[in-house]
Amino acid sequence: MESSSIIHKTASDLRLAPNLGDYEAERRVFSWAAVSRELADQPQGALNIAWQAVDRHAASSLRGKAAFRILARGTPTHFVTYGQLSALTNRFCNVLRDLGVGKGERLFILAGRIPELYIAILGSLKNGTAVSPLFSAFGPDPIATRVNLGEGAVLVTTDMLFERKIAKWRDRMPSLKHVLLVAEDGGTTAVPGTLDLSSLMASASDACEITPTTAEDMALLHFTSGTTGTPKGAVHVHGAVLTHWSTGRYALDLHVDDIYWCTADPGWVTGTSYGVIAPLLHGVTSIVDREEFDAERWYAILQDEGVSIWYTAPTAIRMLMKAGADIAKKYAFPRLRFAASVGEPLNPEAVWWGKQVLGLPFHDNWWQTETGGIMIANTPAFDIKPGSMGRPLPGVEAAIVSRQADGSVQVIEAPNKEGELALKRGWPSMFRGYLNSEERYRKSFSGEWYLTGDLARRDADGYYWFVGRADDVIKSAGHLIGPFEVESALMEHPAVAEAAVIGKPDPIAGEVVKAFVSLNNGFEQSEALRMALLGHARTRLGAAVAPKEIAFLTQLPRTRSGKIMRRLLKARELGLPEGDTSTLEAGP
Ligand code: AMP
């Protein structure tokens with residue numbers, strides 16, 4: 001395929017004048033103060049994401065318009081208008097108040113993409129309570145680790161997830177004061193030690209004065225993974241709404257009449273920033289599909305719902321490609337006018353495939369949990385170079401830098417040189433801390449630069465190209481997985497002496513988690529033990545995080561200082577040169 005060439009923008013590609021017409025000109029005149037003026041003035045000089053996203057529209061001509069169309073197999077589409085969303089989130093806010101839950105406390109949500117997930121996120125924000133949505137495919141270990149790190153006071157979940165993943169482990173989460181349950185069959189629940197959310201909602205008032213929050217008040221807590229230690233809780237503030245708004249405008253080209261579908265689950269940062277907040281800010285109708293990936297179903301949704309803007313991820317695109325273009329030919333997408341992708345490198349073939357099969361190319365964009373919003377993107381304003389992540393958005397200063405021995409960084413001005421991707425601090429959705437980990441936070445900056453941990457290069461036209469991660473963190477099906485969390489769960493098994501985890505390249509998921517383990521005395525390598533360890537990891541971690549492969553080693557390679565050399569295991573796995581092994585401990 002023509003993977004190295006450019007996809008030129010032509011007038012016929014654009015069915016609507018894009019929000020970003022002239023990239024260079026917009027970057028020159030852009031200011032965050034001007035974005036702030038675009039958002040409506042909130043009473044009492046406050047700034048609250050939920051007010052901007054919901055109540056502002058509920059008080060306008062958009063009141064009766066669907067904010068969400070929630071789809072599920074075998075049930076009619078569930079429509080939620082901006083007016084209803086405002087009233088329901090008011091009720092949820094009042095439920096929290098009635099329980100004595102206040103500003104600054106943390107609420108966790110563990111649920112599939114049910115209406116209550118969206119209501120709880122936005123209702124909490126109205127109460128000034130910080131929200132952390134968790135991925136429902138997490139097992140009990142990742143859930144408890146995150147609730148404890150975040151000192152969660154409230155957990156909203158369903159009766160079924162509670163029974164499977166919380167009930168037995170609740171003692172491990174002492175900060176939890178209230179567990180609010182949603183009945184998956186749509187009725188009510190009566191589980192000892194929990195409260196039934198539907199009954200509380202029914203008796204709460206649907207009028208509420210939002211708790212005044214400022215731009216610097218904590219709004220969202222998203223966990224991300226590092227190479228070592230526990231997951232990191234990235235703290236985001238209400239002021240992030242400026243980035244959500246401007247990136248929805250420039251990178252996703254949201255116009256008020258769009259039907260928009262973000263396929264990410266709100267358990268991951270993309271699903272919150274772009275599956276909940278940004279589309280509401282622009283007053284569009286969002287499609288939410290409660291089901292898992294299914295090629296035929298996805299094409300049918302794009303067609304039948306008349307999706308005009310689609311934001312998805314490389315793993316999903318590769319799965320569609322694998323399913324074959326013939327399936328797509330059964331459908332037509334006349335309303336689709338912009339498709340974007342995020343989360344992992346998007347192969348040039350996938351960009352072209354979009355053009356051939358959907359009629360328009362995928363626009364890759366780049367960001368991460370810490371940035372809170374899209375930073376670098378292929379926008380409608382310029383040609384696409386397939387394989388590139390695009391150019392920094394207005395309001396974002398990016399650079400390729402090299403870290404110096406004294407902790408400072410040097411900006412690499414010359415094009416096409418590999419280095420670390422850095423962003424100049426100060427964009428509104430920049431994370432404000434790693435929860436309880438000031439040192440870690442401090443170390444991710446050098447002077448005015450935030451260091452992303454990604455390696456990249458910038459070409460002479462200012463396009464950024466992803467090279468790889470600077471650390472051992474694994475990206476599997478778009479999810480960032482910390483090796484330490486997986487290794488710790490494996491080591492809880494009595495047979496395991498040591499564990500090391502790497503990302504093994506995979507044609508669909510990008511990488512899959514592969515674990516190497518050495519066994520304690522008294523345990524023998526066997527297929528039965530391997531299956532038992534896979535099962536153990538899956539039960540503890542959940543399917544999204546658990547290793548797909550486990551190999552036995554008599555001893556793991558370590559440095560003389562005792563650190564497991566994951567890099568060496570990876571090089572051996574891939575048959576690549578082993579690099580510098582001078583610090584390798586004598587052994588295998
Ligand atoms: P997360 O914090 O889970 O959203 O993961 C962020 C990481 O995903 C980034 O630091 C990159 O390593 C990777 N990533 C995100 N978007 C892209 C992209 N467009 N191309 C390549 N890698 C990406």
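Order of appearance sets the numbers: ligands from 1, and atoms from 1 within every ligand. Values in this document were obtained by computation on a predicted structure and should not be read as measured data. Starting from 1, each residue takes its place in the sequence as its number.
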> Identify the closest protein heavy atom to atom 18 (C) of ligand 1: which residue and atom is it, and at what distance?
Glu344 O, 3.4 Å
> Please check if atom CD in Glu438 has more than 12 non-hydrogen atoms from other residues, nucleotides or ligands closer than 6.0 Å.
no
> Quick one: is the NZ or CZ of Arg146 closer than 6.0 Å to the six-membered ring centre of Phe108, and within 45° of its axis?
no
> For atom 17 (C) of ligand 1, which of the options Trp465, Tyr464, Trp366, Phe466 provides the nearest non-hydrogen atom?
Trp366
> Distance to 0.1 Å, residue and atom name: give those for the protein heavy atom nearest to atom 6 (C) of ligand 1.
Gln368 CB, 3.3 Å
> Closer than 4.0 angstrom: is that true for some heavy atom of Asp364 and an atom of ligand 1?
yes
> Should you measure from each heavy atom of Asn365, which atoms of ligand 1 turn up under 4.0 Å away?
16 (N), 18 (C), 19 (N)
> Does atom CZ (Arg27) have a neighbourhood of more than 12 heavy atoms from anything else shown, all under 6.0 Å?
yes
> Based purely on interatomic distance, does Asp454 place a nitrogen or oxygen under 3.5 Å from a nitrogen or oxygen of ligand 1?
yes
> Verify whether the ring centers belonging to Trp366 and Tyr463 lie closer than 6.0 Å.
no
> Going by distance alone, is a donor N or O of one side chain under 3.5 Å from an acceptor N or O of the other, for Thr371 and Tyr450?
no
> Looking at Lys570 and Asp472, is any side-chain nitrogen of the basic one under 4.0 Å from a carboxylate oxygen of the acidic one?
no
> Between Gln410 and Ser408, is any side-chain donor less than 3.5 angstrom from a side-chain acceptor?
no
> Relative to atom 8 (O) of ligand 1, which among Lys475, Met375, Met389 owns the nearest non-hydrogen atom?
Lys475
> Could you tell me if any non-hydrogen atom of Trp367 lies under 4.0 Å from any atom of ligand 1?
yes
> Would you mind running through ligand 1 and noting each atom that sits below 4.0 Å from a heavy atom of Thr369?
1 (P), 2 (O), 3 (O), 4 (O)
> So does Glu292 have more than 12 non-hydrogen atoms from other groups sitting under 6.0 Å from CD?
no
> Of the protein's non-hydrogen atoms, which lies at the shortest distance from atom 14 (N) of ligand 1, and what is that distance?
Gly343 O, 3.2 Å
> Quick one: which ligand 1 atoms are inside 4.0 Å of a heavy atom on Pro345?
20 (N), 21 (C), 22 (N)
> Does ligand 1 come near enough to Thr452 that some N or O of the ligand is less than 3.5 Å from an N or O of the residue?
no
